**Q** 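First the structure, then my questions, so here it is.
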Amino acid sequence: MNLPKAYAPRDVESNIEALWEASGFFNPDNLPGKRLKVFSMALPPPNATGVLHVGHAVMLGVQDILARYHRMASYKTLWLPGTDHAAIATQNVVERELATEGSSREHLGREAFLKRVEAFAENSKSTIRGQIRALGASVDWSRERYTLDAGLSRAVAEIFVRLYGDGLIYRGTRIVNWCPRCRSTLSDDEVEYQPTKGKLYYIKYGPFTLATVRPETKLGDTALAVHPNDKRYQRYVGKELQVKSIDGEVTLKVVADRAVDPTFGTGIIKVTPAHDFVDAEIGARHKLASRQVIGEDGRMTKQAGAYAGFTVKEAREKIVAELQKLGLIEKIEDYEHNLSVCYRCATPIEPLPSLQWFVAVNKKIPGRGKTIKQLATDAVKSGAINVVPERFSKIYFHWMRNLHDWTISRQIWFGHRIPVWYKKSSGFPPAPRLRRTNKVQGSRLSRDDEIYVGVEPPKGDGWKQDPDTLDTWFSSALWTFSTLGWPDKTKDLKTYHPTSVLETGYDILFFWVARMIMMSTYALGEVPFRTVYLHGLVRDGEGRKMSKSLGNVIDPLEMAAKYGADATRLSLIIGNTPGQDMKLSEAKIAGLRNFSNKLFNIARFMFLTMKAGTTVPKTPRPRTLADRWILLRLETLTHEVTADIEALRLSQAGERLRAFTWEELADWYLEIAKIEGAKDALLAYVITRILVLWHPFMPFLTEHLWQLARQHVKGLPTELLLIAPWPHSAPERTDRKTEVQFATVRAVVTALRRLRQAAGFDPKTPAAALSYANRHLKLLQAEAALIKHLARLDAWEVFTTGAAPPNASHSATIEAGLTVHLFDK
RNA sequence: GCGCGCAUAGCUCAGUGGUAGAGCGUUCGCUUCACAUGCGAAAGGUCGUAGGUUCGAAACCUACUGCGCGCACCA
């Protein structure tokens, strides 16, 4: 056989990938043998927006290790892949494309635009499929899903209808986070905060002065508020003040409310119920009027009078100028505050009142006596879901406690259309499949509208579907069970749900993980997964977030092409613990490429030296001390690696394997094998075992070597390493004597090498030495040949005890009574 | 403001109450016939600071310092 001197991943990975897929073993239905235990995972679906990044590579790496380990350990193993339509994110990308073409979604119209987005998403999906394959992920493509698939869309509609039927989805006018650029609402979690330098304007309001960063909302003020205990302003509470302003005299009521911090600023605030969450609450408590002066287009409304039509920014400048002219500005200070921006396009958020759909998280579920929030909290508190690392459960509870009703309607076009239809109630007979009719109130509908909520469109004429779509996280919240066929009672659902492990980045704990728990406990009455494993973010070598604009992005596919998929994956596993961010550099990947080559060459050595027809023994027969030692170490390694993987200590498992493979196996045992000879069977045994143990971590290389091994040795258990049985992890076997003996030999060899170097001997010229060994006498005599070879001595004698010989140039003590002495040449 | 994390070799990081570890880098010597993507040898540490618990602490507890993150506030 003609083996290259260095491992060339590029030449083998695609062939190996094809071999696996042709086997069909990624599909658990095809796995051989009786498999009573089940292991299942849903791949967190990448967004259908483009390409995979290094964060995806972490997730694929961790999950593939778990999938391959369990498959080998004879679990019925399902790892279900798919993609997320990622509503706003994907729509934004396509809108940007259209903009460069001088077009827009409005220009195309809803239908044509959606076709365009779908074409884009389809293209992304096929890119992503190729990338998942290239990284070696053993996902079951026969079960691939997409959040907009018909089946999943049915699940989305079904759960919406159920929630509505339980009174847990409602429609109402509330202050929402509005992104004027996306022209859509956002949930609280989709808002990010950017520290921003701005101005703080001190404005005179009759007898008061108060500060604001948003003078333009002055037009929407309907009251002033002070703290109930603030003595300074007590006499004004309940009074109505006539205040001079840019739009003439306005009447403002003074109310007392606990939300006001008397120690901050002047201790008095203006209340703009239509454009601030806190003010809206104050407004509700005091039954204040609400005046919307900013519209969904980010421009001032007709209510803003002379300023109607201006953007918020323009209005602010004009209003400040006008206030200054009227002498109503006391001072302007520089001020840094947190600006709310859209997490998808960084546009400043406008809080404004809007008619939207919400999920009620604090309302009892009929017949269950608990709220969605309680179900989701209990799932973790009870231990039904195990969070790794554990500290994230605290963060989860904190978030749950503070969770408000979830705004689920979005005014974008790409996504699941809200399964609600309206029509003028004018004597039409009720539709046959009407689930529920209700009068709804709201600005968009007349009071006579009839509402239909159902999975299928209503029969009959005159129904118009709600134009809005659902929050993308609403559909991904169903991912673990919608992908398995829910709401049908499928075999897959029964077999694979709850899933075993959900592995994802901690950055989507709230967006996704928490919502999956909410939806699964609500709809199925069971947890979506038993363990959540949260990995950290991958940063660049300097600890900065990777981003295109910084130009510090490490592309996992590029790295895989350069250093191999195995090295790339391993670089994301080793030296990292769950939940901890990691710094990644190309040097680290190159280092693991070097290790790949080491493993390759260990096998190469075996293939080149082994007699044809060697059989891998079922039970190895050690002949020498080194044999006993390596087998002992191999058993211990097997035991420890198995325990590490079971406990999700993947980094530790990888480090152990690397240390054993490089140091103990390659540097010591192989060198000894060259000396002692006649180790074909033992070597075959050790090497096939480490291929098995390494397989989850380095699937391509190990499978490649397995296939080569099949040409050289007999007795391999399976044609594909992919389904080779994981070795039974017997209780740890200790053999103190072998350990101590081998360690002593090692220490003597190392000491001799050190002395040789200290003496300045050329590595090639043989040297002469003497040892006093005391209790190790017999051992060192027995291993004399080995020690002489490894330390390159042509003469070496061992005695029980004695003084350093006069012609010894260098001496060393290894332990009490054990010394080595090197003679001058 | 509340909460969480991190601080260990020059760098990046593991570390499970019992003799301080790895990779990279550094120094010295080697084309030793599996591998220079390599081999051999070595140097390098007050485990952030101060207390405490313990026979014994890098680890457990308390306080503090520095860095980072989340949430809340943000008039």
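Fair warning: this is a prediction, and the values are worked out from it, not measured in the lab. Computed over heavy atoms, backbone and side chain alike; hydrogens, waters and symmetry mates excluded. Letters A, B, ... are given to chains in the order of the sequence lines, protein chains preceding strands, and every chain is numbered from 1.
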**Q** Quick one: label A:Thr212 by what it contacts on the DNA or RNA (base, sugar-phosphate, nothing), any heavy atom closer than 4.0 Å.
**A** sugar-phosphate
**Q** Checking all strands, does A:Arg214 fall into the base, sugar-phosphate, or nothing category for heavy-atom contacts under 4.0 angstrom?
**A** nothing
**Q** Looking only at atom C1', what distance separates B:rU16 and B:rA58, rounded to whole Å?
**A** 13 Å
**Q** Under 3.5 Å, is there any donor-acceptor pair linking the side chain of A:Gln757 to the base of B:rG40?
**A** yes
**Q** Hey, does the side-chain of A:Lys588 have a donor or acceptor N/O within less than 3.5 Å of a partner on the base of B:rC24?
**A** no
**Q** Which of the following nucleotides, B:rC39, B:rU37, B:rC4, is nearest to the side chain of A:Ala6?
**A** B:rU37
**Q** Base, sugar-phosphate alone, or nothing: which one does A:Arg656 contact when heavy atoms must sit under 4.0 Å apart?
**A** base
**Q** If I take atom CG in residue A:Leu650 and atom C1' in nucleotide B:rU16, what distance separates them, rounded to the nearest angstrom?
**A** 16 Å
**Q** Identify whether NZ of Lys or CZ of Arg in A:Arg753 sits under 6.0 Å from the centre of the six-membered ring of A:Trp668 and within 45° of that ring's axis.
**A** yes
**Q** Hey, can you pull the donor-acceptor pairs under 3.5 Å for the side chains in residues 193-201 of chain A, sequence neighbours left out?
**A**
| unit_1 | atom_1 | unit_2 | atom_2 | d |
| --- | --- | --- | --- | --- |
| A:Thr196 | OG1 | A:Gln194 | O | 2.8 |
| A:Lys199 | NZ | A:Asp334 | OD1 | 2.7 |

**Q** Rounded to the nearest Å, what distance is computed from the CD1 atom of residue A:Ile574 to the C1' atom of nucleotide B:rG23?
**A** 9 Å
**Q** How about A:His704 and A:Thr702: does a side-chain donor come under 3.5 Å of a side-chain acceptor?
**A** no
**Q** Between B:rG23 and B:rC39, how far apart are the P atoms? Round to whole Å, please.
**A** 11 Å
**Q** Using the test side-chain hydrogen bond (donor to acceptor under 3.5 Å, both in side chains), find all partners of A:Thr568 that sit at least two apart in sequence or belong to another chain.
**A** none
**Q** Once you round it to whole Å, what is the distance between C1' of B:rC67 and CD of A:Gln580?
**A** 13 Å
**Q** Looking only at side-chain N and O atoms, does A:Lys583 come under 4.0 Å of OP1 or OP2 in B:rU12?
**A** yes
**Q** Measure from the side chain of A:Asn594, starting at C-beta and using heavy atoms only, and say which of B:rU37, B:rA34, B:rC74 lies closest.
**A** B:rU37
**Q** Check the phosphate of B:rC4 against A:Lys394, side-chain N and O only, distance under 4.0 Å to OP1 or OP2. Yes or no?
**A** yes
**Q** Closest approach to the side chain of A:Asn402, judged atom by atom: which nucleotide of B:rA14, B:rC71, B:rA75 is it?
**A** B:rC71
**Q** What nucleotide among B:rC35, B:rC4, B:rC30 has an atom nearest to a side-chain atom of A:Arg391?
**A** B:rC4
**Q** Can you tell me, in whole Å, how much space there is between the C1' of B:rG21 and that of B:rG45?
**A** 11 Å
**Q** On the nucleotide B:rA41, are OP1 or OP2 found under 4.0 Å from the side-chain N or O atoms that A:Arg753 carries?
**A** yes
**Q** Tell me whether A:Lys331 is salt-bridged to A:Glu333, with the criterion being a basic N under 4.0 Å from an acidic carboxylate O.
**A** yes
**Q** RNA chain B: A:Thr750 or A:Ala587, which has the more 5' nearest nucleotide?
**A** A:Ala587
**Q** On the side chain of A:Glu671, is there an atom forming a donor-acceptor pair with the base of B:rA34 - under 3.5 Å, no angle test?
**A** yes
**Q** If only side-chain N and O atoms of A:Lys598 are considered, is one of them under 4.0 Å from the OP1 or OP2 phosphate oxygen of B:rC39?
**A** yes
**Q** Say you pick atom P in B:rA7 and the same atom in B:rU49; how far apart are they, in whole Å?
**A** 13 Å
**Q** Using ring centroids (six-membered ring only for Trp), state whether A:Tyr343 and A:Phe511 fall under 6.0 Å.
**A** yes
**Q** Please confirm whether the shortest side-chain N or O distance from A:Thr577 to OP1 or OP2 of B:rA14 is below 4.0 Å.
**A** yes
**Q** May I ask you to decide if the ring planes of A:Tyr233 and A:Phe208 are parallel, tilted or perpendicular, using 30° and 60° as cut-offs?
**A** perpendicular
**Q** OP1, OP2 of B:rC39 versus side-chain N and O of A:Trp662: anything below 4.0 Å?
**A** yes
**Q** Map A:Asp667 and A:Gly267 onto RNA chain B by nearest heavy atom, then report which one ends up closer to the 5' terminus.
**A** A:Asp667
**Q** Rounded to the Å, how far apart are A:Asp276 CG and B:rC73 P?
**A** 10 Å
**Q** Does the side chain of A:Asp566 come under 3.5 Å of the side chain of A:Trp694 through a donor N or O and an acceptor N or O?
**A** no
**Q** Just N and O in the side chain of A:Lys5: are any of them under 4.0 Å from OP1 or OP2 of B:rC35?
**A** yes
**Q** Considering only the C1' atoms, how many Å lie between B:rU31 and B:rG40, rounded to the nearest integer?
**A** 14 Å
**Q** Return no unless some side-chain N or O of A:Asn601 is found under 4.0 Å from OP1 or OP2 of B:rU37.
**A** no
**Q** Work out how far the P atom of B:rG48 is from that of B:rC6, and round it to whole angstrom.
**A** 12 Å
**Q** Given A:Thr217, which partner from the list A:Glu350, A:Arg316, A:Arg291, A:Lys270 fulfils the side chain to side chain donor-acceptor pair (under 3.5 Å) test?
**A** A:Lys270
**Q** Can you check the distance between B:rA72 and B:rG15, where both ends of the measurement are the C1' atom (answer in whole Å)?
**A** 36 Å
**Q** Determine the interatomic distance between C1' on B:rA50 and the same-named atom on B:rG18; round to the nearest Å.
**A** 25 Å
**Q** Rounded to whole angstrom units, what separation is found between the CG atom of A:Asp188 and the C1' atom of B:rG70?
**A** 15 Å
**Q** How is the base pairing of RNA chain B summarised as a dot-bracket string, given the Watson-Crick and G-U wobble criteria with both distances under 3.5 Å, [ ] for crossing and | for another strand?
**A** (((((((..((((....[..)))).(((((.......))))).....(((((..]....))))))))))))....
**Q** Would you say the side-chain atoms of A:Asp581 and A:Tyr506 include a donor-acceptor pair closer than 3.5 Å?
**A** yes
**Q** Would you indicate what A:Val260 reaches in the nucleic acid, counting non-hydrogen atoms under 4.0 angstrom: base, sugar-phosphate, or nothing?
**A** base
**Q** What is the distance, rounded to the nearest whole Å, between atom CD1 of A:Ile589 and atom C1' of B:rC24?
**A** 14 Å
**Q** When you get a sec, tell me which of B:rU37, B:rC73, B:rU16 is the closest nucleotide to the side chain of A:Asn338?
**A** B:rC73
